[in-house]
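First the structure, in the form of structure tokens, and then the observations on it.
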Amino acid sequence: MNILIATSEAVPFAKTGGLADVCGALPVELARAGHEPTLILPAYRQAKTCGLPIEPVGIEFIVPIGSKTVTGHLLRSKLPGSNVPVYLVEQDHYFNREGLYQEDGVDYTDNCERFVFFSRAVLEAIRLLELQPNVIHANDWQTGLIGAYLQTEYRGLPRYEQIASLFTIHNMAYQGQFWHWDMLLTGLDWKYFNWQQMEFFGHLNLLKTGLVFADSINTVSPRYAQEIQTAPLGAGLEGVLQNRHDVLSGIINGVNYQEWDPAIDPHLPARYDAQSVGQGKPECKEALQRELGLPQREDVPLVGIISRLADQKGIDLVGAVMQEWVKSSDVQWVVLGTGDPKYHRLLGRLGERFPQKVAARLEFSNPLAHRIEAGSDIFLMPSQFEPCGLNQLYSLKYGTVPVVRATGGLADTVTDTTPATLAAGTATGFTFREYSSLALSETLRRACEMFDRPEAWTQLIATAMKQDWSWTRSAQQYIQLYEMTIARMRHAVHA
Ligand code: ADP
């Protein structure tokens, strides 16, 4: 199969979130499975300076943007460790900027125009590079217009008529919503600006556009695929998703086990696998406690958190539970994260007041993230919502028992510990449903009680470490989804 993946981010060219990890890793696995993926993304300043060789293709193109025409160029590179071709759409006025979508927390005012340009460029690139994709895989609102162009302006053109389209939602909270006059920039007929297609309460909504025009839609976990069909997680688009539920599915993101495996992790003071976890993990814990200035005690659980400090991640619950627990128990806490200033203040204050129990590292540090995954006993993710989540998957691999709220990808990847799941050997962590500090506190208490039962705890760790959330597995599911999408498109064309 020939697959064109259109994205606004891909590791190592440009990254602000999980989308970049997916689009950097999935194509490599698809190629390994014998398919022909091609990646296309904007040539941001970040991409051009990422250190990989990037060369001009020597192709210039012009697309209409509203009443003007804009010129762009195509650049070429490859995904590291593979032969996957990567095309970068160069248009310096739009993409040679400090950020990808914003600077100093403020969105660029021409974001709609920038991604109208990119979406049109993707369709032009197919013709100019003589690509023959069976399916275009678009991601998030930045590429929401691709399916619309395919179904309208490019419909019936020989090279395009057999192309199916898949649209992946990485987070419903970001929708690419713009004022209605930006409809003019798209060049599409006003007839599409209606509540069933591109309009959302008087605004142009590019995520909705992506959902409406794609042959298939998926998101990054089966549970999230269900949740977004209802309020509040549908973020206003639950009706659109209910309408399209027959083409909507969920696939859990894979983990890059080259980077996240305690057996080969260069950031750790001691490496370990499922056999040697009993020796390696305590060494990592002791080193982490030393590094963080916490008492080096093996007998108290060390609870780790690595997170964007945002409301979505349930940091208010974490704060409430920590405030209570620091007074009543010896449990130790390490929080690594940056984000909302209110959480910086809350966690910073707890760290200052209780230095023997709380280590607040309010920064971004990948090496420390690895050491926390290895050195903690318990990992906390009480998210309000979580499309997929990666840290719980890393935690499983590192034998760090996840305590999570049963939402989205967290619900799909962590099995709660009950007498039944323990007996069946399927328990991997602890989950709770109600979004409250009481529910989190009770669940954490269950985990800490189990921590004091070494035999059961060892079993939990062993089951966790056995889980396979590799990209190989997720890529197989994407391959099936592409096949289904192509069949669906053919069926629709001939219907
Ligand atoms: P999201 O994409 O919503 O932020 P995920 O769990 O899917 O959440 O992925 C977050 C990724 O970012 C993980 O790889 C996590 O380790 C990393 N991360 C988040 N905050 C930090 C931080 N302060 N330092 C290092 N890594 C971080």
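Just so you know, these numbers use all the heavy atoms, side chains as well, and skip hydrogens, waters and symmetry mates. Counting starts at 1 for both ligands and their atoms, following the listed order.
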Report the part of Ser365 in contact with ligand 1, treating N, CA, C, O as backbone and CB onward as side chain, heavy atoms under 4.0 Å; options are side chain, backbone, both, neither.
backbone
Under 4.0 Å from ligand 1, counting heavy atoms only, is it the side chain of Ser307, its backbone, both or neither?
backbone
Tell me the protein heavy atom at minimum distance from [atom], and give that distance in Å.
{"atom": "atom 23 (N) of ligand 1", "result": "Glu363 O, 2.8 Å"}
{"atom": "atom 27 (C) of ligand 1", "result": "Phe364 CE1, 3.4 Å"}
{"atom": "atom 8 (O) of ligand 1", "result": "Lys313 NZ, 3.0 Å"}
{"atom": "atom 11 (C) of ligand 1", "result": "Asn391 ND2, 4.4 Å"}
{"atom": "atom 2 (O) of ligand 1", "result": "Gly18 N, 3.9 Å"}

Run the side-chain contact (heavy atoms from CB on, under 4.5 Å) check on Ile5 and Leu41 step by step: do they pass?
CA-CA 9 Å; Ile5 300 173; Leu41 78 159; over 6 Å; no
Using distance alone, determine whether [X] and ligand 1 share an N or O pair under 3.5 Å.
{"X": "Leu390", "result": "yes"}
{"X": "Arg308", "result": "yes"}
{"X": "Gln312", "result": "no"}

What closest approach, in Å, do Arg446 and Thr431 show between heavy atoms, and which atom pair accounts for it?
NH2-O, 3.2 Å
Over all atoms of both residues, closest heavy-atom pair of Ser221 and Gly409:
OG-N, 3.2 Å
Verify the ring-centre separation between His137 and Tyr482: is it less than 6.0 angstrom?
yes
I'd like to check the side-chain contact (heavy atoms from CB on, under 4.5 Å) partners of Thr230; sequence neighbours left out, ordered by chain and number.
none
Does NZ or CZ of Arg473 fall inside the cone over Trp471's six-membered ring, less than 6.0 Å from its centre and within 45° of the axis?
no
Looking at Arg223, is its backbone amide N or carbonyl O close enough to the side chain of Asp412 to form a donor-acceptor pair, meaning the two atoms are under 3.5 Å apart?
yes
